Amino acid sequence: MSRNATLRNPRLQVAAFLGLAVVLSFVTIVAAMRLAERGAEAELRRNAEFTLGLQVETILSHLDKYRHVPALTARRQDVLAMLADGLSAVDADELHVIASNVRTLSGATDSAFAAPDGMSMTSATGYLTPELIADTELVRAALQGRLGRASLSAEATQHTYAFSTGVRLGRDVRAIIIVAAPLDSIEQTWALSPNPIIAFDGRGQLVAGNRMARGRATEIREAVFAGAGASGDPIALPDTGNARFIPFRRYIPLMDWTLFVLVSDRAIADAGRYAATVTGLGAALATLIGVIIVLSLQESRRRHRLERLTALRLERQVRQRTGELSRSNAQLAVEVEERKLTETALRKAQAELVQSTKLAAIGQMSAALAHEYNQPLAAIRSYADNAQLFLEREKTAQVSDNLSRIGAMVDRMATLSKTLKSFARKPRIDLADVQLEQVLQDSLLLIEHKARAAGMRITCEPDRPGRLVRAGPVRLAQVFVNLISNAIDSNTLTGADEIVIAWQADEVTTTIRVSDRGPGIHPDDVHSIFDPFFTTKEVGEGLGLGLSIAYNIVQDFGGKLSARGREGGGATFTVVLKTAAETRQVEPA
Ligand code: ADP
């Protein structure tokens with residue numbers, strides 16, 4: 001597969017997109033996780049710093065109450081009076097009463113009067129002892145005239161913070177007053193915190209801590225001073241499950257304390273996990289949307305390609321069809337041309353056929369025509385001879401009669417010859433307004449000899465004379481000659497002698513009927529008699545072309561030729577022609 005084909009493979013495209021999406025999602029998730037963790041850590045740090053600041057303030061304000069108690073006690077007149085002769089001269093009970101009084105009034109854990117060397121002491125509750133304060137600043141500072149401060153812890157649980165002041169009479173320090181302030185209330189305020197809060201003094205001794213911290217004080221101390229916690233890294237604590245705690249510290253210089261707040265890093269991990277989950281879901285959603293987009297893009301590309309293919313196929317089909325059409329068009333044009341040529345040839349052949357049938361008819365008639373001409377010629381001969389005799393006998397009246405008979409016969413012969421000539425002539429193709437009566441007379445003249453020889457009676461019944469029709473006179477005469485000739489033949493078969501030619505006309509058409517009393521037409525032959533070469537006549541007697549030609553001639557005139565049986569026997573041939581416009585105008589409506 002080429003590189004391009006590989007790129008176009010839809011499955012590979014989706015796979016590539018998914019691969020890219022997975023890589024991008026992974027990078028985004030990791031980045032989001034880190035960012036969230038960093039944010040959460042910063043938030044934790046802020047909270048822890050805030051807590052530390054707040055707790056330092058709490059501690060300082062809490063201890064502030066006790067800070068002035070030793071100084072105020074040292075200035076009390078009764079105390080000064082009592083100590084005028086030094087601590088050793090004072091009755092221990094009396095001292096105890098005052099110490100108790102101070103402790104009760106201030107709410108301190110204990111208050112005590114110590115000798116300036118710190119070796120003997122009278123305390124209200126017995127908590128303060130020379131041993132407890134031995135390593136502290138309390139005595140030294142009091143002797144130097146400063147406020148002494150020290151963190152004290154008698155047992156693991158009894159933590160206090162003590163203040164001390166010297167009771168001076170003049171330049172001498174007669175005694176030292178120590179007040180030990182309780183840290184319980186501070187611890188109580190810390191008890192609500194879910195995080196371990198703990199304070200160590202300068203020697204690393206636990207001075208205060210909430211419940212969470214106290215039980216694990218040793219581990220915390222080790223971790224925050226020497227272990228991983230020293231550099232701020234998370235530390236593990238016993239009995240806290242998998243949680244790890246980040247130590248935040250604040251040093252309180254005034255008291256030489258270090259206050260620690262240990263915050264579980266679970267929030268950081270949770271924030272990371274939450275961010276990873278949210279980002280992961282987002283990435284999955286984005287990938288899903290991406291896949292849907294890729295798939296729909298592929299689908300639309302596929303559809304587009306399919307549409308283009310279909311369009312191309314259609315175009316090709318249209319081109320093919322157009323090609324086929326133009327080929328068949330060309331073929332049709334050729335065929336039309338061929339048909340035209342054939343029609344022309346047919347018309348020519350038809351015209352020639354008409355001509356030859358006419359000539360054949362004339363040929364058939366020639367014997368009769370010879371007789372037709374010979375008879376008048378013989379008559380003329382005898383009239384001329386007789387006229388000669390009458391002339392010699394000077395019978396001029398008979399001569400004149402004979403001469404006029406001769407003239408009439410010559411006229412008849414001339415008419416016959418003229419009609420024959422025009423019948424034999426090739427007809428004109430165009431139509432004219434033709435005198436129907438005249439054409440019928442010409443036809444009858446041509447057929448007269450045949451009719452006479454067969455002993456036929458031909459009756460002509462025009463509706464009115466002077467009728468004009470649209471036709472060619474010679475061709476129309478040919479039609480009538482043919483119809484009358486056939487009628488004679490038919491009558492001969494039955495021995496009948498009646499032929500009737502009748503016509504009627506209206507504005508539009510003129511109908512001419514030629515009827516005989518022959519055998520009629522068999523119903524099966526009504527249409528086939530107009531087919532070329534259909535004949536029932538003996539070989540040599542008929543060609544079967546007469547009616548076919550007559551049919552075509554009438555059709556050329558825009559008319560119709562039909563045949564039917566006649567009531568009472570015989571046949572009627574009907575020629576329908578167009579009435580000439582001139583007649584229509586002349587005739588009254
Ligand atoms: P042909 O006269 O040479 O046979 P036509 O085309 O003139 O050719 O006539 C075809 C046929 O039609 C005739 O052979 C005849 O059978 C029939 N026919 C024509 N005229 C008549 C008629 N008047 N009565 C009966 N049959 C006729």
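Please read all numbers here as calculations on a predicted model, not as lab measurements. Note that ligands are numbered from 1 as they come in the structure, with each ligand's atoms numbered from 1 the same way.
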Participant: Between Lys340 and Glu343, does the salt bridge (Lys or Arg N to Asp or Glu O under 4.0 Å) criterion hold? Intermediate values first, please.
Facilitator: CA-CA 5 Å; Lys340 273 188 192 157; Glu343 200 183 317; over 6 Å; no
Participant: Quick one: look up the protein heavy atom nearest atom 10 (C) of ligand 1 and list residue, atom name and how far away it is.
Facilitator: Phe534 O, 3.1 Å
Participant: If you count the atoms of ligand 1 from 1 in the order shown, which ones are under 4.0 Å from a heavy atom of Thr535?
Facilitator: 1 (P), 4 (O), 14 (O)
Participant: Are Arg34 and Glu37 ion-paired here, with the side-chain N under 4.0 Å from a carboxylate O?
Facilitator: yes
Participant: Tell me which protein heavy atom sits closest to atom 14 (O) of ligand 1, plus the residue, atom name and distance to 0.1 Å.
Facilitator: Thr536 N, 2.8 Å
Participant: Just to confirm my output: which protein heavy-atom neighbour is closest to atom 8 (O) of ligand 1, and how far is it?
Facilitator: Gly544 CA, 3.3 Å
Participant: Starting from atom 2 (O) of ligand 1, which protein heavy atom do you reach first, and at what distance in Å?
Facilitator: Lys537 NZ, 2.4 Å
Participant: Report yes or no: does Asp525 contribute a side-chain atom to a donor-acceptor pair with the main-chain N or O of Ser528 at less than 3.5 Å?
Facilitator: no
Participant: Check the pair Arg38, Glu41 against salt bridge (Lys or Arg N to Asp or Glu O under 4.0 Å), reporting the backbone distance first and the verdict last.
Facilitator: CA-CA 5 Å; Arg38 223 170 279 169; Glu41 199 179 327; over 6 Å; no
Participant: Run down the list Ile529, Thr572, Ile488 and name the one with the heavy atom closest to atom 17 (C) of ligand 1.
Facilitator: Ile529
Participant: Could an N or O of ligand 1 be found under 3.5 Å from any N or O of Ser548, whether backbone or side chain?
Facilitator: no
Participant: Just heavy atoms, cut-off under 4.0 Å: does Asp516 contact ligand 1 by side chain, backbone, both, or neither?
Facilitator: side chain
Participant: Regarding Lys537 and Asn486, do their side chains bring together a donor and an acceptor under 3.5 Å, going by distance alone?
Facilitator: yes
Participant: Do Thr494 side-chain atoms and Pro519 backbone N/O form a donor-acceptor pair below 3.5 Å?
Facilitator: no
Participant: Can a salt bridge be assigned to the pair Glu307 and Arg303 using a cut-off of 4.0 Å between side-chain N and carboxylate O?
Facilitator: no
Participant: Can a non-hydrogen atom of Phe573 be found less than 4.0 Å from any atom of ligand 1?
Facilitator: yes
Participant: Any donor-acceptor pair under 3.5 Å linking the side chain of Arg517 with the backbone of Gly568?
Facilitator: yes
Participant: Where is the nearest protein heavy atom to atom 27 (C) of ligand 1: which residue, which atom, and how far?
Facilitator: Ser490 OG, 4.1 Å
Participant: Mind checking whether Ala563 has a heavy atom under 4.0 Å from ligand 1?
Facilitator: no
Participant: Check this for me, if you would: do Arg302 and Glu299 make a salt bridge, where the nitrogen-to-carboxylate-oxygen distance has to be below 4.0 angstrom?
Facilitator: yes
Participant: Among protein heavy atoms, which sits nearest to atom 19 (C) of ligand 1, and what does the distance come to when rounded to 0.1 Å?
Facilitator: Asn486 ND2, 3.4 Å
Participant: Check whether any N or O atom of Leu547, backbone or side chain, sits under 3.5 Å from an N or O atom of ligand 1, and answer yes or no.
Facilitator: yes
